[in-house]
Engineer: 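Sharing a structure below in structure tokens format, with a few things to ask.
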Amino acid sequence: MKVVGKQSNSRMCIICGMDNPIGLHAQFYNMEDGSVMTPFSYTENHQSFPQRVHGGLAASMLDELGLRALWAKGDESVFGVTMSLEVKYRRPVPYGEELIGRGILEKETSKFATVKAGIYDKAGNLLAEATVKYIKMDVGQIAENADPHEEMCYLLRDEVKEIAWCGKAD
């Protein structure tokens, strides 16, 4: 699927923080169909049991895909907090292999958003999925003295023009 833009990365987020030594360092791309996608992989440090990623870390990626699906429209000034995260684990999520995360906006109002998010293996098998509901909030309401430009400070340019996609469209 064709990439139409790239999103910024933060400093310390466990999912996208480039300065976080145990983070995933995931890069997020705005896609031609309005979704957001990330090719990423977990490491052995992210396990719950040998060969399996901790379910909470899979849920964290699904949560991150939720807000980033809002940004897929090209406006990274929208922030919010998770109101609910309903996760369904379909298959074990492995570490040490490339996975694809995908989120797409289902419904949006001036104050709320609902997103469908999924983690897929390279064969397109759905491993975990979530419905994520957000309340949009000003950054100052989320964290005191937070500067989103300082935290979301990395825009890492690359040559990614397409992301192989064989999962089903949500």
Side-chain angles (χ1 to χ4, degrees), residues 1 7-10 12-17 20 22-31 33-43 45-49 51-95 97-139 141-143 146 148 151-152 163 165-170:
M1 188 181 306
Q7 298 183 3
S8 297
N9 281 66
S10 81
M12 290 303 294
C13 173
I14 190 72
I15 301 299
C16 74
N20 189 326
I22 61 165
L24 296 179
H25 307 140
Q27 310 273 324
F28 293 86
Y29 299 88
N30 302 332
M31 307 306 293
D33 70 347
S35 69
V36 64
M37 293 177 78
T38 179
F40 75 100
S41 55
Y42 292 100
T43 71
N45 293 324
H46 302 124
Q47 72 175 300
S48 62
F49 201 72
Q51 303 168 15
R52 295 176 186 233
V53 170
H54 191 284
L57 287 170
S60 295
M61 173 55 83
L62 294 165
D63 188 18
E64 183 80 10
L65 285 160
L67 187 62
R68 289 191 175 262
L70 284 173
W71 292 355
K73 299 181 299 183
D75 182 4
E76 292 186 25
S77 68
V78 177
F79 284 88
V81 294
T82 306
M83 293 174 42
S84 67
L85 176 69
E86 182 183 338
V87 179
K88 293 180 182 172
Y89 299 96
R90 303 294 185 187
R91 297 176 181 206
V93 177
Y95 56 81
E97 64 182 70
E98 190 167 301
L99 304 170
I100 300 289
R102 181 174 183 268
I104 190 156
L105 185 64
E106 276 200 325
K107 183 179 178 183
E108 181 180 21
T109 68
S110 62
K111 292 189 181 209
F112 301 100
T114 302
V115 172
K116 290 294 264 186
I119 298 172
Y120 301 82
D121 65 16
K122 291 298 268 181
N125 296 307
L126 179 62
L127 307 177
E129 64 182 324
T131 299
V132 191
K133 294 184 180 178
Y134 290 94
I135 183 168
K136 296 178 187 177
M137 299 177 83
D138 181 77
V139 170
Q141 294 174 290
I142 299 170
E151 181 56 27
M152 299 299 295
I163 295 176
W165 175 245
C166 49
K168 68 173 185 64
D170 297 323

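From a predicted model like this one, the values you see are computed outputs, not experimental measurements.
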Engineer: Is Glu98 salt-bridged to Lys122, going by a charged N under 4.0 Å from an acidic O?
Structural biologist: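 Looking at Glu98 and Lys122, the cut-off is met.
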
Engineer: Carefully, step by step, assess Met1 and Ile100 under the rule side chain to side chain contact (heavy atoms under 4.5 Å, CB included).
Structural biologist: CA-CA 12 Å; Met1 188 181 306; Ile100 300 289; over 6 Å; no

Engineer: Output the distance between atom CZ (Arg91) and atom CG (Leu126), rounded to the nearest 0.5 Å.
Structural biologist: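 One gets 8.5 Å once the value is rounded to the nearest 0.5 Å.
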
Engineer: Could you list the residues that satisfy salt bridge (charged side-chain N to carboxylate O under 4.0 Å, His left out) with Arg52, not counting sequence neighbours?
Structural biologist: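 For Arg52 there are no salt bridge (charged side-chain N to carboxylate O under 4.0 Å, His left out) partners, ignoring immediate neighbours.
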
Engineer: Considering all heavy atoms of both residues, which atom of Tyr120 and which atom of Leu127 are nearest to each other, and what is their separation?
Structural biologist: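 Here Tyr120 and Leu127 meet closest at C-CD1, 4.1 Å.
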
Engineer: Is the NE2 atom of His25 crowded by more than 12 outside heavy atoms at less than 6.0 Å?
Structural biologist: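 Check passes, neighbour count above 12.
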
Engineer: Taking the side chain as C-beta and beyond, is there a heavy-atom pair between Leu24 and Cys13 under 4.5 Å?
Structural biologist: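 Leu24 vs Cys13: side chains apart.
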
Engineer: Strictly by modelled atom types, are Thr82 and Lys133 linked by a side-chain donor-acceptor pair under 3.5 Å?
Structural biologist: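 No, no side-chain donor-acceptor contact under 3.5 Å.
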
Engineer: Can you name the closest pair of heavy atoms from Cys16 and Asn9 and give their distance?
Structural biologist: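 For Cys16 and Asn9, the tightest heavy-atom pair comes out as O-ND2, 2.9 Å.
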
Engineer: Tell me, do Ile15 and Arg68 make a side-chain contact under 4.5 Å, heavy atoms counted?
Structural biologist: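 In short, these two side chains do not touch, never coming nearer than 4.5 Å.
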
Engineer: Within the distance-only criterion (no hydrogens, no angle test), does the side chain of Lys136 pair as donor or acceptor with the backbone N or O of Thr109 below 3.5 angstrom?
Structural biologist: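 Looks like yes, one N/O pair under 3.5 Å.
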
Engineer: Output the distance between atom CE (Met61) and atom OH (Tyr42), rounded to the nearest 0.5 Å.
Structural biologist: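 The distance works out to 5.0 Å.
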
Engineer: Distance from Glu76 atom CD to Trp71 atom CH2, nearest 0.5 Å?
Structural biologist: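 Those atoms lie 5.5 Å apart.
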
Engineer: Can you give me the closest heavy-atom contact between Thr38 and Leu65, atom names plus distance?
Structural biologist: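 Residues Thr38 and Leu65, closest heavy atoms: CG2-CD2, 4.1 Å.
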
Engineer: If we only count heavy atoms from C-beta on, is the Val115 to Glu106 side-chain gap below 4.5 Å?
Structural biologist: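 Side chain of Val115 against side chain of Glu106, heavy atoms only: no contact under 4.5 Å found.
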
Engineer: Would you say that Met31 contacts Trp165 through its side chain, given a criterion of any heavy-atom pair below 4.5 Å between the two side chains?
Structural biologist: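 No - every pair of side-chain heavy atoms lies 4.5 Å or more apart.
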
Engineer: Closer than 3.5 angstrom, by distance alone: can the side chain of Tyr95 be matched with the main-chain N or O of His46 as a donor-acceptor pair?
Structural biologist: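 Absent.
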
Engineer: Applying side chain to side chain contact (heavy atoms under 4.5 Å, CB included) to Ile119 and Tyr89, what does each step give before you reach the verdict?
Structural biologist: CA-CA 10 Å; Ile119 298 172; Tyr89 299 96; over 6 Å; no

Engineer: For Ala69 versus Ile104, what's the shortest heavy-atom pair and its separation?
Structural biologist: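 Residues Ala69 and Ile104, closest heavy atoms: CB-N, 3.9 Å.
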
Engineer: For the atom pair CD1 (Ile14) and CG (Asp63), what is the distance rounded to the nearest 0.5 Å?
Structural biologist: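 Ile14 atom CD1 to Asp63 atom CG measures 13.0 Å (nearest 0.5 Å).
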
Engineer: What closest approach, in Å, do Gly101 and Phe40 show between heavy atoms, and which atom pair accounts for it?
Structural biologist: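 Looking at all heavy atoms of both residues, the shortest contact is N-CE2, 3.7 Å.
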
Engineer: With sequence neighbours excluded, what pairs up with Glu86 under the salt bridge (charged side-chain N to carboxylate O under 4.0 Å, His left out) test?
Structural biologist: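 Expected list: none.
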
Engineer: Are the side chains of Tyr134 and Phe79 in touch, meaning some heavy atoms are under 4.5 Å apart?
Structural biologist: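 They are not in contact (no side-chain heavy atoms under 4.5 Å apart), so the answer is no.
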
Engineer: Within this structure, what is the SG-CG distance for the pair Cys166 and Asp121, rounded to the nearest 0.5 Å?
Structural biologist: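 Those atoms lie 7.5 Å apart.
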
Engineer: Measure the CZ-CD1 distance between Arg102 and Ile163 for me, rounded to the nearest 0.5 Å.
Structural biologist: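 Rounded to the nearest 0.5 Å, the CZ-CD1 separation comes to 11.0 Å.
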
Engineer: Locate the shortest heavy-atom distance separating Val132 from Leu62; write the atom from each residue and the value.
Structural biologist: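 In terms of heavy atoms, the two residues are closest at CG2-O, 3.9 Å.
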
